[in-house]
Amino acid sequence: MKQNNTFIYETFSSLNELEESDRMLVEKAMESSKRAYAPYSGFHVGACLRLEDGSMVCGNNQENASYPQGLCAERVALFSASANHPDQTITALALTSKDSASLLSPCGACRQVLLEYEQKQGQPIRVLMASASGKVLVVQSAQNLLPFCFSKENLNTEQ
């Protein structure tokens, strides 16, 4: 049996086409990318998420000479929000890089973490992926980025 999996996304050619709250989120992510610690790759990534109370939490990639020990901007922002605002729902996350004219998409590990937080809170997290040139792609749920995900339902927790 063949099945299709589709989802709807929006594209914007300029930040000016976004609602003010989304534009501010992308701009904060861009500012955060400028503070990334990326001495090895030279690729500066910023993320900023919005909580249900309207506050924003930003993160940027943090590299390490022992390469696998670094963290992506999305996970820095998500973990910081969870640690400092544990009772707040995450409504949106913007991701961008000052170093890329292309749209920036979360890596597989970040997609998995985004989905975990989305499932944990029982509410979608909108993801805004932006380029340094101002183009933006928006998906309404992290689930759209990882349709065949691994989740707690896959774990056999019954003994």
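Residue numbers count from 1 along this sequence.
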Looking at [atom1] of [X] and [atom2] of [Y], how far apart are the two atoms once the value is rounded to the nearest 0.5 Å?
X    : Y    : atom1 : atom2 : result
N61  : C107 : CG    : SG    : 10.5 Å
K98  : R35  : NZ    : CZ    : 12.5 Å
L49  : Y117 : CG    : OH    : 10.0 Å
M30  : L25  : CE    : CG    : 12.5 Å
C110 : L71  : SG    : CG    : 8.0 Å
L78  : I125 : CG    : CD1   : 6.5 Å

Ignoring hydrogens and geometry, is there a side-chain-to-backbone donor-acceptor pair from [X] to [Y] under 3.5 Å?
X    : Y    : answer
R75  : A109 : no
S14  : G134 : no
T89  : E52  : no
R50  : T91  : no
Q121 : Q123 : yes
Q140 : P124 : no
S32  : A29  : no
E118 : A142 : yes
Q88  : A81  : no
H44  : G42  : yes

Does [X] reach the side chain of [Y], with side-chain heavy atoms less than 4.5 Å apart?
X    : Y    : answer
Q119 : C149 : yes
I90  : L51  : yes
V113 : E74  : no
L103 : K135 : yes
L145 : M129 : yes
F43  : L104 : yes
E20  : R23  : yes
N144 : Y9   : no

[X] with [Y], same ILVMFWY side-chain cluster at under 4.5 Å:
X    : Y    : value
V76  : M56  : no
V139 : V136 : no
V45  : Y37  : no
V138 : F7   : no
V57  : L128 : no

In terms of the angle between their ring planes, are Y67 and Y40 parallel, tilted or perpendicular, with boundaries placed at 30° and 60°?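 The arrangement is perpendicular - the two ring planes meet at more than 60°.
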Might you point out which heavy atoms bring [X] and [Y] nearest each other, and give the distance in Å?
X    : Y    : value
A77  : C58  : CB-C, 4.0 Å
S133 : A101 : OG-O, 3.8 Å
P147 : N5   : CB-ND2, 2.9 Å
A130 : V26  : CB-CG1, 3.7 Å
G70  : N64  : N-CB, 4.1 Å

Would you say E153 has more than 12 foreign heavy atoms packed within less than 6.0 Å of its CD?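 It does: E153 CD has more than 12 such atoms within range.
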Which ILVMFWY residues can you reach from L115 by hopping between side chains whose heavy atoms are under 4.5 Å apart?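 Members besides L115, by chain and number: L146.
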Would E63 and S41 count as a side chain to side chain donor-acceptor pair (under 3.5 Å) here? Give the steps. CA-CA 8 Å; E63 294 181 349; S41 72; 2.3 Å; yes
Side chain to side chain donor-acceptor pair (under 3.5 Å) between D53 and S55, worked out: CA-CA 6 Å; D53 68 1; S55 60; 2.6 Å; yes
